[in-house]
Protein chains: 2
Amino acid sequence: MALHYDEIVRGSLAKQVADLIRAAILEGRLQVDERLPTEEELARRFGISRPTVREALKVLAAQNLIRSRRGPAGGTFVTRPDLDAAARTITDAATLLVGMGRFEIDEIVAARGQTEALCCRLAARNRTDEDLDAMAQELSLQQDETLNDEDFCASDVRFHRAVVQATGNGPLQFIMHAMIESFIPITNMLIYRHHERRRTIGAHQKIRAAIAERDEDTAAALMQHHVEGMRAVLDQALAHRRPEKPGGETI
Amino acid sequence: MALHYDEIVRGSLAKQVADLIRAAILEGRLQVDERLPTEEELARRFGISRPTVREALKVLAAQNLIRSRRGPAGGTFVTRPDLDAAARTITDAATLLVGMGRFEIDEIVAARGQTEALCCRLAARNRTDEDLDAMAQELSLQQDETLNDEDFCASDVRFHRAVVQATGNGPLQFIMHAMIESFIPITNMLIYRHHERRRTIGAHQKIRAAIAERDEDTAAALMQHHVEGMRAVLDQALAHRRPEKPGGETI
DNA sequence: TTTTTATATTTGTCAAACCTTTTGCGTTTT
DNA sequence: AAAACGCAAAAGGTTTGACAAATATAAAAA
């Protein structure tokens, strides 16, 4: 009687149901925007209770696979895969890893320098005038001396995103989203005094100019130098900052 | 009386609670492996019912932020950010987008060609002997003529991952994981007849040799050519394959 | 001392109801 | 006839209270 006792129960009922519905969506048995049965009906069909069904649906909703609305025309619907939502998901995952110190600063800087340099090359090839305008808009914003640090950093992020956007490559934009959104905030935490800003803006301007001229090599070299140039000042800044354990009221 | 009407209610109670706990974890107010109060206690503190608390916890569990165990020493614990779990998350998100046809084949091939070529450069710089061994192991596996298509594809994926691994860069490995795991299955769906296999193996061998010699340029060029060479055969294969709507029993 | 048993604790599940939002229809009013 | 209003039904959102299952710890028995 040496049968396999695994696979008989793969976890909680909610997990099993979530897996079943997820599989149905991924395999196309549930079309986009199709409406699932009501929670009560699902509970009846799976032979479980409604709270358990709801736990399963919450998991799927957290993965951006379904959405729910109330009312007679409401219900649970299969969500069209959304680039922004997916990007947010991976950004959150990456941000968590970075925030918890799973990566070395050197690694992050190197990865950003290399991948963004690559994006510069492709941007120089494929950029449109609109892409250049988007970069120019952030550059003019960054000129504003009265901008506070937070807004300056946000504009910096948008500039780097504009470069990625200019590549015109969806999959690349997708993964670079995680790179930029999750790694830049760490690198931008303490720097940006006034003369730092001037240097950053100068680098951005030269990068944009090279992309405008479709000069791949120059654009890539500039970007890599720009990103990796932040390492020294970053090391110095982080050395001063000992993260004390926050004692705020917890849950 | 022109006040802002947003922010009054940000969503369901479960979502609000999930956001609160998530913020507590991300801000470090809840340490890794720290135990949260029991579900009953959380319900009391937030002034909501236990099923609602459970819905919130399920969302966080789906995001790999917490885990739960039963029993006296059980409870809900903050999960240490896990590279594999995070990689699986972003791979799932990317796979969904690819599977739903949100990206063009050309885009995918171009993105893979460029990024993997970049990885080849870094691999040539930083590879260890263990990395070369890992590639060699897959190569010898791929020589086996009796290997079925599924196993051959799996080995192919592992070879590409070995190249990424050889870069020694954690953040890069993280995002390339999504690239390789989610995009390769699509590209590998219909090809790999015998003479295709020989060509693939030959390319792999040359790539590994170039990485072994620390010849960046050659390795990168070989990889890019290898990946982008699949475009023609892929276009042809996909032209024959009209995805009919599966009529299997739905939920 | 080792093994077994009991017990307390905590998550997992269930059942039945009530609340809130949304929609659509029917009525009333203009 | 058209617009405004109001009501009722449908569906998700929430509550209450209970029971089931797992599991670590302590107690009891061998």
Side-chain angles (χ1 to χ4, degrees), chain A residues 5-22 24-25 30 33-79 250-251, chain B residues 5-22 24-25 30 33-79 250-251:
Chain A
Y5 282 82
D6 52 338
E7 291 284 350
I8 294 177
V9 171
R10 293 175 308 174
S12 70
L13 287 179
K15 176 166 170 34
Q16 293 179 49
V17 169
D19 289 344
L20 282 174
I21 299 178
R22 186 187 302 109
I25 294 174
L30 287 171
D33 287 331
E34 183 176 340
R35 176 181 162 168
L36 281 85
T38 68
E39 296 178 350
E40 208 166 356
E41 174 69 15
L42 283 173
R44 199 156 2 100
R45 294 212 204 162
F46 285 114
I48 61 178
S49 68
R50 212 180 128 213
T52 304
V53 168
R54 284 181 57 78
E55 287 183 11
L57 294 181
K58 278 286 173 186
V59 170
L60 298 176
Q63 295 168 345
N64 292 307
L65 287 171
I66 61 173
R67 61 186 186 281
S68 295
R69 275 204 326 268
R70 289 202 267 208
T76 305
F77 302 85
V78 178
T79 297
T250 190
I251 289 182
Chain B
Y5 283 81
D6 54 338
E7 291 283 352
I8 294 177
V9 172
R10 293 175 309 172
S12 70
L13 289 178
K15 177 167 169 35
Q16 293 178 48
V17 170
D19 289 344
L20 281 174
I21 299 179
R22 186 187 302 107
I25 294 174
L30 288 171
D33 287 332
E34 184 175 342
R35 176 182 161 168
L36 282 89
T38 69
E39 296 177 349
E40 206 167 356
E41 174 70 16
L42 284 173
R44 195 153 7 99
R45 294 211 205 165
F46 285 115
I48 60 179
S49 68
R50 204 166 75 103
T52 304
V53 169
R54 285 182 56 79
E55 287 184 10
L57 294 181
K58 279 286 174 186
V59 171
L60 298 177
Q63 295 169 346
N64 291 309
L65 287 170
I66 59 174
R67 62 186 186 280
S68 293
R69 274 204 326 270
R70 287 203 270 208
T76 305
F77 301 85
V78 179
T79 296
T250 190
I251 288 184

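For clarity, every value in this text was computed on a predicted model and none was experimentally measured. Labels below follow one simple rule: chain letters A, B, ... track the order of the sequence lines, proteins then strands, and each chain is numbered from 1.
- Atoms CD (A/E39) and C1' (C/dT20) sit 14 Å apart, rounded to a whole Å.
- Listed by chain and residue number, A/L13, A/V17, A/F46, A/T52, A/V53 satisfy the side-chain contact (heavy atoms from CB on, under 4.5 Å) test with A/I48 (two or more places apart in sequence, or in another chain).
- In 5' to 3' order, the nucleotides of DNA chain D bounding all contacts with chain A (an atom under 4.0 Å from a heavy atom) are D/dA9 to D/dT14.
- Per the geometry, CD belonging to B/E55 stands 14 Å off C1' belonging to C/dG12, to the nearest Å.
- Scanning residues 59-69 of chain A for heavy-atom distances under 4.0 Å to DNA chain C yields an empty list.
- Residue B/E41 contributes atom CD, which lies 10 Å from atom P of C/dT10 at whole-angstrom precision.
- Sorted by first and then second residue, the salt bridge (Lys or Arg N to Asp or Glu O under 4.0 Å) pairs involving residues 54-68 of chain A (not counting sequence neighbours) are A/D33-A/R67, A/E39-A/R54, A/R54-B/E55, A/E55-B/R54.
- Rounded to an integer number of Å, the gap from B/E40 CD to C/dT9 C1' is 11 Å.
- Residues that satisfy the side chain to side chain donor-acceptor pair (under 3.5 Å) test with B/T38, not counting sequence neighbours, are absent from this structure.
- For the segment residues 70-77 of chain B, the set of residues with a heavy atom within less than 4.0 Å of an atom of DNA chain D comprises B/R70, B/G71, B/P72, B/A73, in numerical order.
- Listed here is the closest heavy atom pair of A/A62 and B/V59: CB-CG1, 3.7 Å.
- Applying the side chain to side chain donor-acceptor pair (under 3.5 Å) rule to B/E41 yields the partners B/R44, B/R45; only residues at least two apart in sequence or on another chain are considered.
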>> Run the side-chain contact (heavy atoms from CB on, under 4.5 Å) test on B/D19 and B/Q16 for me, step by step, so that the C-alpha distance in whole Å, both residues' side-chain angles and the decisive distance to 0.1 Å come before the verdict.
In response: CA-CA 5 Å; B/D19 289 344; B/Q16 293 178 48; 5.8 Å; no
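- In this structure, A/R44 atom CZ and C/dC14 atom P are separated by 15 Å, rounded to whole Å.
- Look at CZ on A/R54: it is 18 Å from P on C/dC18, rounded to the nearest Å.
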Please list, one pair per line, the donor and acceptor atoms closer than 3.5 Å that link side chains of residues 69-77 of chain A to other protein atoms, with sequence neighbours excluded.
from  : atom 1 : to    : atom 2 : distance (Å)
A/R69 : NH2    : A/A73 : O      : 3.3
A/T76 : OG1    : A/S68 : OG     : 3.4

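- Of all non-hydrogen atoms in A/L36 and A/I66, the two that sit nearest each other are CD1-CG2, 4.5 Å.
- Look at CG on B/L57: it is 9 Å from P on C/dG12, rounded to the nearest Å.
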> Does the side-chain contact (heavy atoms from CB on, under 4.5 Å) test come out yes or no for B/I25 and B/V78, once each step is laid out?
Replying inline: CA-CA 7 Å; B/I25 294 174; B/V78 179; 3.9 Å; yes
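- Not counting sequence neighbours, A/R35 has no partner by the side chain to side chain donor-acceptor pair (under 3.5 Å) test.
- The two residues A/A14 and A/A56 come nearest to each other via the heavy atoms O-CB, 3.3 Å.
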